[in-house]
Structures are given as C-alpha cells and as structure tokens.
Asks: 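Sharing a structure, written as structure tokens. Questions coming.
None of the values given here were measured: they were computed from a predicted structure. Order of listing sets the numbers, starting from 1, for every ligand and every atom in it. We use all heavy atoms of the structure for the numbers below, so side chains are in, but hydrogens, waters and symmetry mates are not.
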Amino acid sequence: MEAKIISGTKLREDILDEISEKTLELKEKFNRPPGLVTILIGNNPASVSYVSLKIKTAERVGFKEVQENLNEDVSENELIALIKKYNEDETIDGILVQLPLPKHINEERVLNAIDPDKDVDGFHPVNVGRLIIGKKVIFAPCTPAGIIEMIKRSGIDTNGAEVVVVGRSNIVGKPIANMMLQKNEGANSTVTIVHTATRDLKSHCMRADILIVAAGVPGLVKPEWVKKGACVIDVGVNRVGEKISEKTGKKIPVLKGDVDFDEIKKIAGWITPVPGGVGPMTIAMLMKNTLKSMIARVEKSSV
Ligand code: GUN
C-alpha cells in the first residue's frame, strides 16, 4: 500500500480558518486585530517570495500587517532602531525579520533586539531556552511547530517512537529534536540527530519510525534508508531549476525535497510532499504564534 500523503496545503486551510475565527472574536472584544510586522532587507528572490506569502496570509486571516522593505545597504543600527520602535508599538504583537541578512549585519545582535514576547519566529535566545526547558507558553519556531501539528493531526503515535532528525540547523534540526523530546502530546520520543559528520547516515535513518529530513540536499534520502511504514517528513525546499507556470505563464522555480518522494511513498506509511507539505504549515504557525502573542498580551494587561 502507498503512503498516506500529509498535505500541508489542506491542513493550513483548517488552521487558518481556526485563526480567522479567533481573530474576529479578538477584534470584537479588544477593538483591534493581532498585528504583525515583516521586515525584509534587500531583494533575495526566495526571501521576497516567502515574505509576500506571509503578508498575504496575514491579510487573509484578518491581521493588521505592516511591511518594512529596507535597502540591502541599511546599517545594523538603523535596523535595530526600527525593531525597537515596533517593540514599543502596542498594536504590534509579532516582529519578523526575514533571514538570511546581508553579510554586514550581525544576525545575533538583530535577533537579540526583538522583544522575546513579540518574537513570533521563536529565534530569540530566551525563547530557545524556554523551548529546551520545556515551558508550555512559548513561541515555538514555526517550521518545527508545523511538523508537530502535521504529525499530531495525522494521528501518528510518537510516544517512545524512534525519531531521527537529519540536519542540525538552528531553524529546524535543533528545535524539532528538542520538541520531539519533550514529555508532551505529539512528542515524548527517543531522538537522534544526524548531520554532515555522522559516520553512517543510512543505518540511523533505517531505524526511524519518524524520519525528519532538513538537510538542504535534494534527494539525499534514498528508498533503502526508510523503514516500512515509517513517517517521512521532508523539510527540504531546493530550487533545482525553473519552469513556466501553466497558470500564470511566468517563470517559477522547480522545487525538489530532500527525499526521493516517488520511490519512498511506496515504502513509507506517511510522507509529506514538496511543494505542498511542510512549507505551507510554517506560515500557518507564524499566524498562530502572532495570535498567541496578542492573547498573552491582552491577558497580561487585564490582570
Ligand atoms: N528564512 C528562512 N526561514 C525563515 C523563517 O522561518 N523565519 C525567518 N524570519 N526567516 C527565515
């Protein structure tokens, strides 16, 4: 039997509908919607396309959306001053600085400048610390949070499961490994992280009940690396070429994941496609974090 395809596109719609409903309630009760500011520096094509999708989605759920598009040569101090302005803005609940930043800007200084209570990306060291300690009310980074939501909503048993994470990035590998480790619903697993220095990638992957691949290497995971019936989550979004869109007639990138989808879907129990898998969930979770941020803020101010 072929694997069940976990569609992020479908789950995203369910989650966005839930968020839109909650946004209407908040607006009625507190006279304002959740507010998100997206800060984009320069015109890296992937970043421009991610940010425009974030803006569209924020508008779709009824948030206030503020766009800051800065020139590639903006100084680090100017960027930090802008972040500080939004830290003080009562109508803004989430501040997102799209990464990567230009080389002359220190990413750590920039991320540290964001108020941890508005850090809807979950990249501030305070939020990373809270995540590792296992605090409940936190901004979990959006891609890992989306992965957990996909696993939970597919009814996959994670208790004591062997989870193998391929990749140790700060955005995906390290946080998802820590989240799957927590004694929580949709987690409580036995976790291994493998990376570029791992001696025998294949033997680790073969043990996985849940294989989460975030390596950024197109087609890295081969069918013989996957256990029958495993859940395979492909986080890779690799641009491997360009094609003309049938819908718009414009050039669009050809995307390929980190796993060999066509062959692995014959072996796995569940698999996420690329595109249409983890990607759409990431943006839905960004909206969820922004909503959570406003709820936390209004609750705090009413005590
Ligand atoms: N660049 C790639 N992924 C992300 C993300 O999740 N958030 C931000 N801010 N930048 C990114």
Asks: Find out if a path of hydrophobic residues (ILVMFWY) with successive side-chain heavy-atom gaps under 4.5 Å connects M150 to I210.
Replies: yes
Asks: Can you name the one residue among V191, V165, T143, I233 that meets side chain to side chain contact (heavy atoms under 4.5 Å, CB included) with I176?
Replies: V165
Asks: Assigning hydrophobic clusters by single linkage (Ile, Leu, Val, Met, Phe, Trp, Tyr; side-chain heavy-atom cutoff under 4.5 Å), is V51 placed with Y86?
Replies: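 Hydrophobic grouping puts V51 apart from Y86.
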Asks: Among all protein heavy atoms, pick out the one at the shortest distance from atom 3 (N) of ligand 1; state its residue, atom name and that distance to 0.1 Å.
Replies: I171 CD1, 4.2 Å
Asks: Given R109 and E76, is the salt bridge (Lys or Arg N to Asp or Glu O under 4.0 Å) satisfied, shown in steps?
Replies: CA-CA 9 Å; R109 273 197 68 208; E76 188 176 298; 2.3 Å; yes
Asks: Report yes if some N/O of Q98 lies less than 3.5 Å from some N/O of ligand 1; otherwise report no.
Replies: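 Between Q98 and ligand 1, an N or O pair is found under 3.5 Å apart.
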Asks: Under 4.0 Å from ligand 1, counting heavy atoms only, is it the side chain of Y50, its backbone, both or neither?
Replies: neither
Asks: Which is it for V97 and ligand 1 at heavy atoms under 4.0 Å: side chain, backbone, both or neither?
Replies: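 The answer is the backbone of V97.
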Asks: Got an N/O contact under 3.5 Å between L96 and ligand 1?
Replies: no
Asks: Report yes or no: do M285 and I156 belong to one cluster of Ile/Leu/Val/Met/Phe/Trp/Tyr joined by side chain heavy-atom distances under 4.5 Å?
Replies: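 Cluster IDs for M285 and I156 match.
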Asks: Taking R32 first and then D93, would you say they form a salt bridge - that is, a charged N and a carboxylate O separated by under 4.0 Å?
Replies: yes
Asks: Where does D121 meet ligand 1, judged by heavy-atom distances below 4.0 Å: at the side chain, the backbone, both, or neither?
Replies: side chain
Asks: Please write down residue, atom name and distance for the protein heavy atom closest to atom 10 (N) of ligand 1.
Replies: L99 N, 3.0 Å
